[in-house]
Amino acid sequence: MSATPKPSNAAPRRPPERPRTGVYKWFFAWLLSKLQRHYGEEVDKRKKELLGALHGTVVEIGAGAGANLEFYPRDVRILLVEPNAHMRPYLEDAARKHDASFEIRAGTAERMEVADASVDFVVCTLVLCSVDDPEAALQEVVRVLKPGGRFIFLEHVAAAHGTETRKWQRRLRGFWRRICDGCTLDRETWARIEEAGFATCDIEHFEAENIPIAKPHIAGTATKAERAMVEV
Ligand SMILES: C[S@@+](CC[C@H](N)C(=O)[O-])C[C@H]1O[C@@H](n2cnc3c(N)ncnc32)[C@H](O)[C@@H]1O
């Protein structure tokens, strides 16, 4: 007699995605270098506001082809963490063009080669949609920030439940991940940031013009506690 399978609440198992490598990564680096200037005025304006007054040592995760380098003050020391090796020539060109003081560090958002409590700011724009494990990435951010250090972010996020945009984000999720290097349209990234253990979070939700489907956006800062909180 065959055993009756037990009902399960687990999500249905999907075949693992094939790793994106080689020509795909090369193409994506080239494409980003061409398209990054066209993301729109609203996003550029906010990046300028968020990055223009930073100081000390900054880690930028998922630096891509260097779209943010023009926004930093000249005296900031920037550690760039970018796992796609094909971005490197574009990043180096952008850093030279903007006279930025930079180092490229190996690793990913989830595991950076950066010492504990060593940096003043971590910057992350349009990246948490693409990392494999956003929770792990945010724990890394908290780890590398000095006490009182700040996480600066700008991301596209899931639309509100029940809207047409959210339904299309759900329908297109798999296809979009394949053609956009793992970018996931319907992540509730604001909630992940709020849960990550920062002392304070200041998150603004906004709509950027002319951006279809990968919207709305959030931007803001989250601050690491000045001293470790002790549970009693
Ligand atoms: C859409 S691009 C954004 C580039 C840039 N930050 C900007 O604002 O234009 C996403 C970037 O995240 C990088 N990325 C993807 N997964 C990552 C991970 N696990 N850790 C760090 N960067 C990652 C990609 O290689 C790519 O450069």
Side-chain angles (χ1 to χ4, degrees), residues 17-52 54 58-72 78-95 97-98 100 102-114 119 121-141 143-144 151-157 176-185 187 189 192 208 211-215 217-220:
E17 278 182 29
R18 266 183 281 159
R20 293 172 288 272
T21 53
V23 173
Y24 182 103
K25 286 288 187 189
W26 171 85
F27 175 72
F28 196 75
W30 175 82
L31 191 66
L32 189 66
S33 77
K34 300 291 171 212
L35 296 182
Q36 65 184 1
R37 295 303 320 130
H38 304 288
Y39 205 86
E41 278 177 27
E42 175 66 27
V43 165
D44 274 3
K45 184 175 112 300
R46 284 173 185 270
K47 284 183 169 184
K48 211 175 282 180
E49 285 165 9
L50 288 166
L51 308 184
L54 303 193
V58 175
V59 167
E60 182 175 335
I61 50 184
N68 291 339
L69 291 169
E70 67 178 283
F71 301 118
Y72 292 108
I78 315 168
L79 310 179
L80 301 163
V81 176
E82 172 48 61
N84 180 349
H86 300 287
M87 298 285 184
R88 204 171 176 128
Y90 300 111
L91 256 183
E92 287 172 343
D93 276 0
K97 185 169 161 206
H98 298 295
F102 74 103
E103 274 171 51
I104 300 181
R105 289 285 171 98
T108 63
E110 294 90 335
R111 206 182 172 93
M112 306 181 222
E113 283 189 8
V114 177
V119 305
F121 298 92
V122 176
V123 169
C124 182
T125 67
L126 307 169
V127 175
L128 290 174
C129 54
S130 299
V131 303
D132 292 332
D133 186 341
E135 283 93 350
L138 288 162
Q139 288 315 305
E140 270 295 86
V141 172
R143 180 184 70 77
V144 302
F151 176 47
I152 314 284
F153 52 87
L154 184 153
E155 295 287 334
H156 67 81
V157 294
W176 196 268
R177 279 181 59 83
R178 280 193 294 281
I179 63 162
C180 294
D181 199 20
C183 171
T184 307
L185 289 165
R187 282 192 176 161
T189 302
R192 302 293 83 75
I211 298 178
I213 200 82
K215 62 177 188 178
H217 288 70
I218 57 167

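Just so it is clear, the model here is predicted, and its values are computed rather than measured. Here, residue 1 is the first one in the sequence, and each next residue gets the next number. For ligands, and for the atoms within them, numbers begin at 1 and follow the listed sequence.
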Identity and separation of the nearest protein heavy atom to [atom]:
atom	answer
atom 9 (O) of ligand 1	A67 CB, 3.6 Å
atom 18 (C) of ligand 1	V131 CG1, 3.7 Å
atom 27 (O) of ligand 1	E82 OE1, 2.7 Å
atom 1 (C) of ligand 1	L126 O, 3.4 Å
atom 19 (N) of ligand 1	E110 OE1, 2.9 Å
atom 4 (C) of ligand 1	G62 O, 3.5 Å
atom 20 (N) of ligand 1	A109 N, 2.8 Å

Where the closest heavy atom to atom 17 (C) of ligand 1 is concerned, which of P134, P83, S33 has it?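 That would be P83.
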
Pick whichever of A136, A65, S130 has a heavy atom sitting closest to atom 15 (C) of ligand 1.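 Nearest option to atom 15 (C) of ligand 1, by heavy atoms: S130.
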
contact_flag V81 ligand 1 heavy-atom lt 4.0 Å: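 For ligand 1, residue contact (heavy atoms, under 4.0 Å) with V81 is absent.
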
Closer than 4.0 Å to some heavy atom of [X] - which atoms of ligand 1 meet that?
X	value
K47	7 (C), 8 (O), 9 (O)
M87	27 (O)
T108	19 (N), 20 (N)
T125	3 (C), 5 (C), 6 (N), 7 (C), 8 (O)

Main chain of D132, side chain of E110: is a donor-acceptor contact present, judged purely on distance under 3.5 Å?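 Yes; at least one donor-acceptor contact below 3.5 Å.
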
Okay, side chain of Y90, backbone of A67: is any donor-acceptor separation there less than 3.5 Å?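 A pair under 3.5 Å: no.
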
To the closest 0.5 Å, what do you measure between [atom1] ([X]) and [atom2] ([Y])?
X	Y	atom1	atom2	value
L128	L154	CG	CG	10.5 Å
Q36	L31	CD	CG	10.5 Å
R105	I61	CZ	CD1	14.0 Å
E155	L126	CD	CG	6.0 Å

Going by the side-chain hydrogen bond (donor to acceptor under 3.5 Å, both in side chains) test, name the single residue among K48, H98, E60 that passes it with N68.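 The option that passes is E60.
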
Salt bridge present between R192 and E135 (N-O < 4.0 angstrom):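 The answer is yes: the pair qualifies as a salt bridge.
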
Inspect the contact between R46 and E49 and indicate whether a charged nitrogen and a carboxylate oxygen are less than 4.0 angstrom apart.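 No, no charged N to carboxylate O under 4.0 Å.
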
